[in-house]
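The next block holds one structure in the form of structure tokens; read it before the comments.
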Amino acid sequence: MKKQEPEEQIKERKETLEREQAKNLQLHRDREQLLKQPAFQRVMADLIARGGMFQSVMTGNSQTYHLSGKQDFTRDIWADYAKVNEDLAFDLLKPKFGENING
């Protein structure tokens with residue numbers, strides 16, 4: 001394998017960084033557009049509810065780890081949308097199908 005010159009390494013790192021920045025910008029724009037769509041809001045609200053974002057994960061057995069991971073993943077997804085538009089992201093947490101939020 002040919003050893004890269006420092007200049008080539010710098011150029012490669014710069015190109016990698018630019019690709020990553022372009023990807024992140026596109027994802028930000030995509031999330032922004034999705035948050036404005038009522039159908040998407042309903043689907044995401046359902047995913048957040050199924051992820052148990054605000055439910056206790058304690059079961060007294062190993063299922064606790066599964067529920068905790070599911071909850072963490074749900075929070076990560078929601079946080080990505082909150083970075084784009086906090087108000088619309090909080091709207092995802094509101095009932096969309098007439099359910100009672102008090103249990």
Side-chain angles (χ1 to χ4, degrees):
M1 187 165 152
K2 180 183 166 192
K3 186 176 178 182
Q4 288 185 328
E5 297 294 321
E7 195 173 298
E8 289 175 1
Q9 290 175 343
I10 292 170
K11 182 181 176 187
E12 188 176 309
R13 274 189 249 145
K14 182 180 177 189
E15 289 171 355
T16 300
L17 179 61
E18 287 172 353
R19 281 192 304 274
E20 186 67 24
Q21 288 172 336
K23 172 189 161 191
N24 289 336
L25 181 59
Q26 184 62 55
L27 286 170
H28 180 89
R29 290 177 181 157
D30 292 346
R31 287 180 179 111
E32 191 171 37
Q33 290 302 310
L34 288 169
L35 277 168
K36 294 175 183 176
Q37 298 176 21
F40 176 78
Q41 291 177 8
R42 287 189 297 273
V43 169
M44 277 307 300
D46 181 56
L47 289 173
I48 288 169
R50 289 173 42 204
M53 195 161 136
F54 299 109
Q55 297 172 351
S56 174
V57 297
M58 296 306 295
T59 62
N61 58 42
S62 61
Q63 187 181 15
T64 297
Y65 298 111
H66 169 75
L67 295 175
S68 179
K70 188 169 136 179
Q71 196 177 63
D72 288 343
F73 183 65
T74 302
R75 274 194 294 265
D76 284 346
I77 292 170
W78 181 83
D80 286 341
Y81 288 100
K83 289 176 194 172
V84 172
N85 186 320
E86 195 173 271
D87 291 335
L88 289 176
F90 275 107
D91 283 347
L92 294 174
L93 305 178
K94 298 175 184 174
K96 300 284 185 256
F97 297 98
E99 62 269 70
N100 182 353
I101 60 172
N102 294 323

Close side-chain approach of Asp91 to Leu35, heavy-atom, < 4.5 Å: no
Should Arg42 and Pro38 count as side-chain neighbours, where that means a heavy-atom distance under 4.5 Å? yes
Run the side-chain donor-acceptor check on residues 24-33: report pairs under 3.5 Å with partners two or more places apart or on a different chain.
| residue | atom | partner | partner atom | Å |
| --- | --- | --- | --- | --- |
| Asn24 | ND2 | Glu20 | O | 3.3 |
| Gln26 | NE2 | Asp30 | OD1 | 2.7 |
| Arg31 | NH2 | Asp80 | OD2 | 3.4 |

At their closest point, which heavy atom of [X] faces which heavy atom of [Y], and how far apart are they?
| X | Y | answer |
| --- | --- | --- |
| Lys94 | Ala45 | O-CB, 4.5 Å |
| Ile48 | Thr74 | CA-CG2, 3.6 Å |
| Leu92 | Met44 | CD2-CB, 3.7 Å |
| Met53 | Gln71 | O-NE2, 3.5 Å |

For Glu18, is the CD atom crowded, meaning more than 12 foreign heavy atoms sit under 6.0 Å from it? yes
Between Thr16 and Arg19, is there a side-chain donor-acceptor contact under 3.5 Å, judged purely by atom types and distance? yes
Straight-line distance of Asn61 CG to Leu67 CG, nearest 0.5 Å: 8.5 Å
As an exercise, state the distance from CG of Leu47 to CZ of Phe73, rounded to the nearest 0.5 Å. 9.0 Å
List the residues meeting salt bridge (charged side-chain N to carboxylate O under 4.0 Å, His left out) with Arg50, not counting sequence neighbours, and say none if there are none. Asp46
Assess the residue pair Glu15 and Lys11 against the criterion (side chain to side chain contact (heavy atoms under 4.5 Å, CB included)); give the C-alpha distance rounded to whole Å, side-chain angles, the decisive distance to 0.1 Å, and a yes or no. CA-CA 6 Å; Glu15 289 171 355; Lys11 182 181 176 187; 3.1 Å; yes
Quick test of your reading: applying salt bridge (Lys or Arg N to Asp or Glu O under 4.0 Å), list the pairs with at least one residue in residues 56-76, sequence neighbours left out, ordered by first then second residue. Asp72-Arg75
Under 4.5 Å between side-chain heavy atoms, hopping through other hydrophobics if needed: is there a path connecting Trp78 to Val57? no
Can you label the angle between the Phe40 ring and the Tyr81 ring as parallel, tilted or perpendicular, going by 30° and 60°? tilted
